[in-house]
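Here's the structure, in structure tokens; my notes come after.
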There are 2 protein chains.
Amino acid sequence: MVLPQISDSEWEVMTVLWARAPQGAQEVIAALAGRRRWNSRTVRTFLNRLVKKGAVSYVADGNRYLYRPAVSREQCIHEESRSFVSRVFAGDAGAMLVQFVQQARLSAEEIRQLRKALEEKGKE
Amino acid sequence: MVLPQISDSEWEVMTVLWARAPQGAQEVIAALAGRRRWNSRTVRTFLNRLVKKGAVSYVADGNRYLYRPAVSREQCIHEESRSFVSRVFAGDAGAMLVQFVQQARLSAEEIRQLRKALEEKGKE
DNA sequence: CTCCCATGATTACGCCTGTAATATACTACC
DNA sequence: GGTAGTATATTACAGGCGTAATCATGGGAG
């Protein structure tokens, strides 16, 4: 199955659904209200498009729908990352990592975690 | 100055110009011929759009133009990366890195390089 | 029974993208 | 001086995206 293409705005909607599901449109709208000043109709449009794309499914609940993700966050992250690295770093993930590690602000905990992940890699 | 928005296809054209500049349209078309099966007119369209966006500048050279990047690769990478991390990882670069390190195939040299970069980070 | 309101469905619209084709201008050759 | 090539400039067109407004429908308030 090919993952549906998810736009920037749609991604925010997915984030809400990945955090909790199922949710009605009102709840999704409420969850987004803090971050984005979208008209409620706009959010409904995104939900519709996501359904049409197969990224979200729904079941009827009385007079409304309950929406839930139809694709996993992990898969989507994977796909987005792949396309990002391929675009910007010509597929060279190593180059990307080096650049990011040098540039990002990392907590001590993250550094520890990254070291550990690298150890694992080194063993292969 | 706000960086222009560069699309996927346009990014490939920029890559060619970042590698060597200035170049005439023919040279850019030739450079891309191996990777993408674009009609030469398509490439010219991208060059035009990039000029219009201010990402590329040109000077006349006889009957043709010589194009060169008007924005630096580093700036563009930075911007693309920022928007990617903010979108997919809600701005949490650390989370992104952990995910990538676990997932990417890395050469021994890259692992060494990353370790070193982490050492530097740890010292701060 | 009737009217309003919320909900989903359909439609709108301008800009961006991918992918070119057509038009115009200039040069180099016969 | 016309003609064939190139080069750039302009135009095309469908599908995606951001941002909503309008339409239709069914259930609850009165």
Side-chain angles (χ1 to χ4, degrees), chain A residues 2-17 22-33 35-68 76 79-80 83-84 86-88, chain B residues 2-17 22-33 35-68 76 79-80 83-84 86-88:
Chain A
V2 178
L3 287 177
Q5 182 74 16
I6 296 173
S7 80
D8 284 25
S9 299
E10 288 163 0
W11 193 277
E12 295 217 39
V13 174
M14 291 304 289
T15 299
V16 169
L17 288 176
Q23 293 186 67
Q26 278 302 347
E27 302 167 73
V28 175
I29 290 165
L32 287 165
R35 268 171 293 171
R36 310 291 306 248
R37 277 180 304 163
W38 279 329
N39 188 296
S40 65
R41 308 196 179 267
T42 301
V43 178
R44 285 174 193 279
T45 298
F46 293 147
L47 281 170
N48 271 334
R49 288 184 181 165
L50 285 167
V51 167
K52 218 165 265 170
K53 289 180 180 187
V56 164
S57 68
Y58 63 87
V59 292
D61 169 49
N63 67 333
R64 65 181 193 152
Y65 287 170
L66 287 181
Y67 299 91
R68 73 174 70 245
C76 289
E79 175 54 24
E80 282 292 312
S83 104
F84 164 71
S86 121
R87 178 158 87 129
V88 176
Chain B
V2 178
L3 287 178
Q5 181 74 17
I6 296 172
S7 80
D8 284 25
S9 300
E10 287 162 1
W11 192 277
E12 295 217 40
V13 175
M14 290 304 290
T15 299
V16 169
L17 288 176
Q23 292 186 65
Q26 278 303 347
E27 303 167 73
V28 175
I29 289 165
L32 286 165
R35 268 171 292 170
R36 310 289 307 248
R37 277 180 302 161
W38 279 329
N39 188 298
S40 65
R41 309 197 177 265
T42 301
V43 177
R44 284 172 193 279
T45 298
F46 292 147
L47 281 170
N48 271 335
R49 286 184 182 165
L50 285 167
V51 167
K52 218 167 265 169
K53 288 179 180 186
V56 164
S57 68
Y58 65 87
V59 293
D61 169 49
N63 67 332
R64 65 182 193 153
Y65 286 171
L66 287 182
Y67 299 91
R68 73 174 72 245
C76 289
E79 175 54 24
E80 282 292 311
S83 105
F84 165 71
S86 123
R87 176 157 87 131
V88 175

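All values reported here derive from a predicted model rather than from experimental measurement.
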Original post:
Once you round it to whole Å, what is the distance between C1' of C/dT22 and CG of B/N39?
Top reply: 13 Å
**OP:** Please name all residues satisfying side chain to side chain donor-acceptor pair (under 3.5 Å) with A/R44, sequence neighbours left out, ordered by chain then number.
**Re:** none
Original post:
Roughly how many Å is it from CD in A/Q26 to C1' in C/dC5, rounded to a whole number?
Top reply: 12 Å
**OP:** Work out which heavy atom in B/T15 is nearest to a heavy atom in B/R35; give both atom names and the distance.
**Re:** CG2-NH1, 4.4 Å
**OP:** Report the distance from atom CH2 of B/W38 to atom C1' of C/dT17, rounded to the nearest whole Å.
**Re:** 11 Å
**OP:** Report the distance from atom CD of A/E12 to atom CZ of A/F46, rounding to the nearest 0.5 Å.
**Re:** 9.0 Å
**OP:** Examine distances only and state if a side-chain atom of A/E27 and a backbone atom of A/G24 form a donor-acceptor pair shorter than 3.5 Å.
**Re:** yes
Original post:
Between residues 5-16 of chain A and DNA chain C, which residues have a heavy-atom gap below 4.0 Å?
Top reply: none
Original post:
Rounding to a whole Å, what distance do you find between A/K52:NZ and D/dG18:C1'?
Top reply: 15 Å
Original post:
A/R44 has an atom CZ; how far is it from atom P of C/dT11, in whole Å?
Top reply: 19 Å
Original post:
What about A/R41: does its side chain form a donor-acceptor pair under 3.5 Å with the base of D/dT22?
Top reply: yes
Subject >> Side-chain (B/E10) to main-chain (B/A55) donor-acceptor, under 3.5 angstrom >> reply: no
Subject >> Interatomic distance where OH belongs to B/Y67 and C1' belongs to D/dA9 [whole Å] >> reply: 10 Å
Original post:
Does the C/dA20 base have a donor-acceptor partner in the side chain of B/T45 within less than 3.5 Å?
Top reply: yes
**OP:** Quick one: label A/Y65 by what it contacts on the DNA or RNA (base, sugar-phosphate, nothing), any heavy atom closer than 4.0 Å.
**Re:** sugar-phosphate
**OP:** Could you state the atom-to-atom distance from CD of B/E27 to P of D/dT6 in whole Å?
**Re:** 16 Å
Original post:
Taking the side chain of B/R49 as its heavy atoms from C-beta onward, which of D/dA20, C/dT7, D/dA12 lies nearest to it?
Top reply: D/dA12
Subject >> Presence of donor-acceptor pair under 3.5 Å, side chain of A/R64 and base of D/dG27 >> reply: no
Subject >> For A/T45, side chain to side chain contact (heavy atoms under 4.5 Å, CB included) partners two or more places apart >> reply: A/R49
